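Some notes on the structure that comes next.
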Amino acid sequence: MATSWVNSAERIGSDLHLELTGPGGRRAALIRALREAVRSGRLAPGTRLPPYRSLAADLGVARNTVADAYAELVAEGWLTARQGSGTRVAERAEPLRSAARVPRKAPARARGPRHDLTQGTPDTSSFPRTAWLASYRRALQQAPNEVFGPGDPAGRTELREALTEYLARARGVRTEPGRIVICSGFAHALRLLFGGGVLRGPLAVEAYGLGFHREVLAAAGVRTVPLPLDEHGARVDRLGRERAVLLTPAHQFPTGGPLHPARRAAVIDWARARGGLVLEDDYDGEFRYDRKPVGAVQGLDPEHVIHIGSVSKSLSPAVRLGWMVLPERYVDTVLAVKGDREAWASVLDQLSLADFVVSGAYDRHVRRMRQRYRGRRDRLLAALAEHAPHIEATGIAAGLHAVLRLPPGTEASTVKAAAWQGIALDGLAAFRHPDTDTAVGDGLVVGYATPSEHAYGPALEALCRALPPP
Ligand SMILES: Cc1ncc(COP(=O)(O)O)c(C=O)c1O
């Protein structure tokens, strides 16, 4: 049996793996292998096959064996041979259509919403393509060869060093590179921490939050206990026997306010007194407009807080890079859960992000986006002032979404009215923990980052048409 990779890139465009196996000698085996390559589509119609001599050399067979095999396949109609253009796969040789290859008819789609005002996605048209490419190029050029081997599960030192400096400067996080573990985003951090058995429930969570995160926790067997919310944020005075609490202190998701300074101090007191842990979801901490920046709670006590961030809001959720800033005692356990090598976060993307941060491109991008989102927010407020002055917007000092407060009992009908206007968005009820008896009132959660610039005006007009009258 002979197995070979035909490496005649100028002809077949890429390596072709041929296995000469089975009965009947080399010639028969080569015929079968070539027929199979055509049938399966690995050799596309029109592809020029290597000359006898080079294929013979690659496979370690006689030149005549190849010539005979080609002749046989020409006679069968699989190949064509023409003077001057060599031997090619016949145009009508139909490759086997596996289920995956059959071109599928696009399913008839119901007309989707025309205006996307759901929260969650940044302005995808503003991804800093040029600056990211420059960082990627620099990172690739400067990378030592070992970068292309298996990655360190802690993440690249370059990125952990860059984040140490950035998070200290921009978010008031106190740490060092050895306490940062790179992951592929906030949800991944939850999976590692709870699914991997680093932490156990019950976990206190805010009464309103992302259902998706509650599902991740439930899948890891973690019971979540809702903490009521009021105008100062989560009622951390209600914490009891839970081992940990998950909070969005800089900008409560989705209601939008910062956790009151007294509550920030109180939750740290609770963690110290009970040996508890605060999980800080800093999902959009960079985006604040007309209030003083709220630093990370982690800065108050790095040994009782796991600070988790990602680039999902600041850059793009497609990049899939995030970080956990850990108390020292958790570092080894988290690394053990990650395994021997990095299996989630591309090392090349890590290096690009490191360059992006160190070169100042990240700060520039965040500043530019802050202005853009502030502009978006101001247009929303102006539209409300003009067309629906009776509707109050809250949670507007930061982030990429606002909450439009609605008269009691009108949320569901307003979401429906919005759908009639072609708008996709959620009401506050969509974020409510199923076990909570707290209600924060009726409201629409309006994400203002997603629509493209030209679509935003019409989206706001449609939104105002959907709002209940005074
Ligand atoms: C409340 C909240 N936390 C965290 C994240 C970040 O999630 P991830 O890093 O998994 O994309 C988001 C979305 O960007 C969010 O809305």
Side-chain angles (χ1 to χ4, degrees), residues 116-124 126-127 155 159 163 167 171 180-196 203-217 219-220 224 226-227 229 233-234 244-259 278-288 294 296-298 305-325 344-346 349-350 353 362 366 369 373 395 398-403 424-426 428 430-433 440 445-450:
D116 187 359
L117 293 178
T118 49
Q119 61 69 41
T121 311
D123 174 6
T124 51
S126 298
F127 184 81
L159 179 55
L163 287 173
L167 292 173
R171 306 292 307 121
I180 296 182
V181 174
I182 300 301
C183 57
S184 76
F186 181 81
H188 183 221
L190 284 186
R191 287 194 178 97
L192 288 169
L193 292 171
F194 290 94
L203 172 71
V205 297
E206 292 158 327
Y208 283 72
L210 261 193
F212 171 62
H213 292 161
R214 290 194 295 265
E215 283 164 23
V216 168
L217 291 162
T224 53
L227 276 184
L229 291 172
V245 55
L246 172 58
L247 298 172
T248 47
H251 187 226
Q252 203 285 322
F253 183 86
T255 57
L259 187 64
V278 181
L279 302 186
E280 177 171 38
D281 175 359
D282 200 37
Y283 67 106
D284 67 1
E286 283 104 340
F287 295 111
R288 32 119 193 132
V294 179
V297 167
Q298 191 270 3
V305 180
I306 297 183
H307 175 91
I308 307 169
S310 84
V311 299
S312 290
K313 286 277 162 73
S314 56
L315 267 174
S316 154
V319 176
R320 300 314 314 148
L321 276 180
W323 46 87
M324 282 177 272
V325 180
W344 289 277
S346 154
D349 286 340
Q350 291 185 40
L353 182 59
Y362 191 76
V366 165
M369 295 316 293
Y373 293 143
L400 315 184
H401 69 269
V403 176
L425 50 56
D426 290 301
L428 279 169
F431 302 96
R432 189 161 182 241
H433 193 292
V440 293
V445 180
V446 176
Y448 45 76
T450 310

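First listed ligand is number 1; within each ligand, the first listed atom is number 1. All of these numbers come straight from a predicted model, not from anything done at the bench.
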Under 3.5 Å, side chain of Thr248 to main-chain N/O of Phe253, donor-acceptor pair present?
yes
Per-pair distances, ligand 1 N/O vs protein N/O, less than 3.5 Å:
residue  : atom   : partner : partner atom : Å
ligand 1 : 3 (N)  : Asp281  : OD1          : 3.3
ligand 1 : 3 (N)  : Asp281  : OD2          : 2.6
ligand 1 : 9 (O)  : Phe186  : N            : 2.7
ligand 1 : 9 (O)  : Ser310  : OG           : 2.8
ligand 1 : 9 (O)  : Ser312  : OG           : 3.3
ligand 1 : 10 (O) : Phe186  : N            : 3.1
ligand 1 : 10 (O) : Ala187  : N            : 3.0
ligand 1 : 10 (O) : Arg320  : NH2          : 3.1
ligand 1 : 11 (O) : Ser312  : OG           : 2.6
ligand 1 : 11 (O) : Arg320  : NH1          : 3.1
ligand 1 : 11 (O) : Arg320  : NH2          : 3.4
ligand 1 : 16 (O) : Lys313  : NZ           : 3.4

Would you compute the distance between atom CD of Gln350 and atom CD1 of Ile182 and round it to the nearest 0.5 angstrom?
5.5 Å
Okay, side chain of His251, backbone of Ala398: is any donor-acceptor separation there less than 3.5 Å?
yes
I'd like to know if the side chain of Arg171 reaches the main chain of Val294, judged simply by a donor and an acceptor atom lying under 3.5 Å from each other, with no hydrogens or angles considered.
yes
Does Phe186 offer a backbone N or O that forms a donor-acceptor pair with the side chain of Ser310 under 3.5 Å?
no
Please enumerate all residues that pass side-chain contact (heavy atoms from CB on, under 4.5 Å) together with Asp349, with sequence neighbours excluded.
Trp132, Tyr136, Leu321, Ser346
